[in-house]
Amino acid sequence: MPYFTEEYGNAGTIYRPGSRAKSAIRKARDQVAAVIDAKPEEIYFTSGGTESDNWALTGVAESLADRGNHIITTCIEHPAVLQTCRYLETRGFRVTYLSVTPEGLIRPEELETAICPETILISVMAANNEIGTLQPLAEIGRIAKAHGVLFHTDAVQAYGQIPLSVEACSIDLMSISGHKIYGPKGIGALYVRNGVKLGSFLHGGSQERSRRAGTENVPGIVGLGKAAELAAAEMDSREVTVRDLRDRLLKGLQKNIPDVLVNGSLEKRLPGNINVSLPGVEGETLLICLDQKGICAASGSACSTGSLEPSHVLTAIGREPLEAKGSLRLTLSYQNTIEEVDRVVEELAALTKDLRSRSKLYEEYLSKHR
Ligand code: PLP
């Protein structure tokens with residue numbers, strides 16, 4: 001006789017009620033919450049950062065529509081936030097997109113000025129996914145609280161990498177993703193402060209206390225929980241390792257390649273992020289060449305409709321198209337080695353020299369800037 005349990009449903013297999021899945025999910029909720037000073041019941045498991053962002057924005061918008069229709073975000077958010085804002089604009093909401101300084105940081109006074117009686121939500125990312133810059137969360141939280149506005153942060157890049165406290169920063173909602181902290185792909189979480197009114201995003205069964213329907217991804221949840229526990233336990237040592245590697249890499253690039261422009265603040269930045277522009281080099285070409293050498297990197301350009309669009313983040317910090325197109329993002333892990341870093345410097349120096357020697361764009365850049 002098959003048992004029918006909350007976690008497994010009737011899969012034709014005999015599972016004992018009160019199964020191990022239930023306690024595994026409970027344990028993961030504790031592990032995920034502990035990293036950010038949250039209570040376990042404030043953590044809701046989702047399919048990842050994209051769902052968490054969509055849920056936070058549309059959920060607040062729907063729940064508080066009778067109070068106001070204004071949302072404030074920044075022009076450098078991940079598409080999971082920006083596209084959701086675009087969607088909400090089609091549903092009658094008004095969105096203010098805050099600008100950023102050349103360092104990639106918002107100006108708190110611009111935020112405060114943008115708040116109006118109709119403002120229901122402020123959504124500002126904790127760390128940028130391209131340039132790694134860290135926004136002043138405590139100050140944003142203070143402003144949001146003073147004006148009685150909910151504060152959501154997309155912390156996909158920051159969670160488990162740097163210390164974060166929902167209490168210290170007065171954060172009401174936080175998006176989290178598993179694969180940025182060495183957890184599985186396709187799992188994430190949304191932190192929702194107790195008492196925050198938030199409509200459901202997925203409707204159906206009673207999972208996640210009826211707020212997020214759908215059978216739980218138990219292996220993903222367990223993996224996220226373990227990854228969160230390890231990230232918290234090793235945060236300090238990982239940070240030191242990664243920062244040292246990052247600094248060595250940047251110094252190596254600056255020593256061996258002329259005209260390396262660092263994108264975004266170096267101080268207020270994720271320890272493992274490097275984003276540089278190498279004017280005169282097409283970022284996409286560089287990526288292909290690096291890939292052939294077994295080096296995995298990213299460019300700030302997005303290949304869309306056959307043309308290479310400069311990244312919205314690099315454009316927002318004031319990079320010219322020529323600089324933005326020659327951007328390269330290298331993300332370091334605590335698992336990387338000094339030897340790998342030195343090899344990247346060597347390969348990149350040779351590739352940049354070769355590509356620039358055949359580039360009219362570099363001549364153009366030099367004639368403009370020297
Ligand atoms: N937000 C940020 C800042 C990200 O960097 C990402 C993914 O890279 C996401 C949201 C989307 O997260 P996921 O891939 O888990 O859907």
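Ligands are counted one by one from 1 in listed order, and the atoms in each one are counted from 1 as well.
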Looking only at the side chains, is there a donor atom on one of Glu110 and Thr113 sitting less than 3.5 Å from an acceptor on the other?
no

I want to know if ligand 1 touches Gln157 in the polar sense, i.e. an N/O pair below 3.5 angstrom.
yes

Side-chain donor or acceptor of Arg319 paired with backbone N/O of Pro310 under 3.5 Å
no

For Thr50, the ligand 1 atoms whose distance to one of its heavy atoms is below 4.0 Å:
11 (C), 12 (O), 13 (P), 16 (O)

shortest atom 14 (O) of ligand 1-to-protein heavy-atom contact is with His179 NE2, 2.9 Å

Donor-acceptor pairs under 3.5 angstrom involving side-chain atoms of residues 218-230: please list them, not counting sequence neighbours.
unit_1, atom_1, unit_2, atom_2, d
Lys226, NZ, Glu229, OE2, 3.0
Glu229, OE1, Gln31, NE2, 2.7

For ligand 1, which atoms sit closer than 4.0 Å to a heavy atom of Asp53?
1 (N), 10 (C)

Would Arg86 count as a cation-pi partner of Tyr97, with NZ or CZ less than 6.0 Å from the six-membered ring centre and within 45° of the ring normal?
yes

Nearest-neighbour protein heavy atom for atom 8 (O) of ligand 1, which is reported as residue plus atom name and distance
Lys180 NZ, 3.0 Å

Could an N or O of ligand 1 be found under 3.5 Å from any N or O of Met125, whether backbone or side chain?
no

of all protein heavy atoms, closest to atom 4 (C) of ligand 1 is His78 CD2, 3.2 Å

Heavy-atom distances under 4.0 Å are what count here, so tell me which part of Val81 touches ligand 1: side chain, backbone, both or neither.
neither

Is it the case that ligand 1 has an N or O less than 3.5 angstrom from some N or O of Asn129?
no

Over-ring placement of Arg356 relative to Tyr362, 6.0 Å and 45° cut-offs
yes

Which residue and heavy atom of the protein sit nearest atom 1 (N) of ligand 1, plus the separation:
Asp154 OD2, 2.6 Å

Counting heavy atoms under 4.0 Å, the part of Glu51 that contacts ligand 1 is neither

Neighbour count above 12 (heavy atom, 6.0 Å) for Glu109 CD:
yes

Among protein heavy atoms, which sits nearest to atom 13 (P) of ligand 1, and what does the distance come to when rounded to 0.1 Å?
Gly49 N, 3.5 Å

Distance-only donor-acceptor check, side chains Gln157 and Asn128, under 3.5 Å:
no

Check whether Phe201 forms a cation-pi arrangement with Arg212 (NZ or CZ under 6.0 Å from the six-membered ring centre, at most 45° off the ring normal).
no

Relative to the heavy atoms of Gly48, which atoms of ligand 1 are at a distance of less than 4.0 Å?
15 (O)

Is it true that Asn54 and Thr84 share a donor-acceptor pair across their side chains at a distance under 3.5 Å?
yes

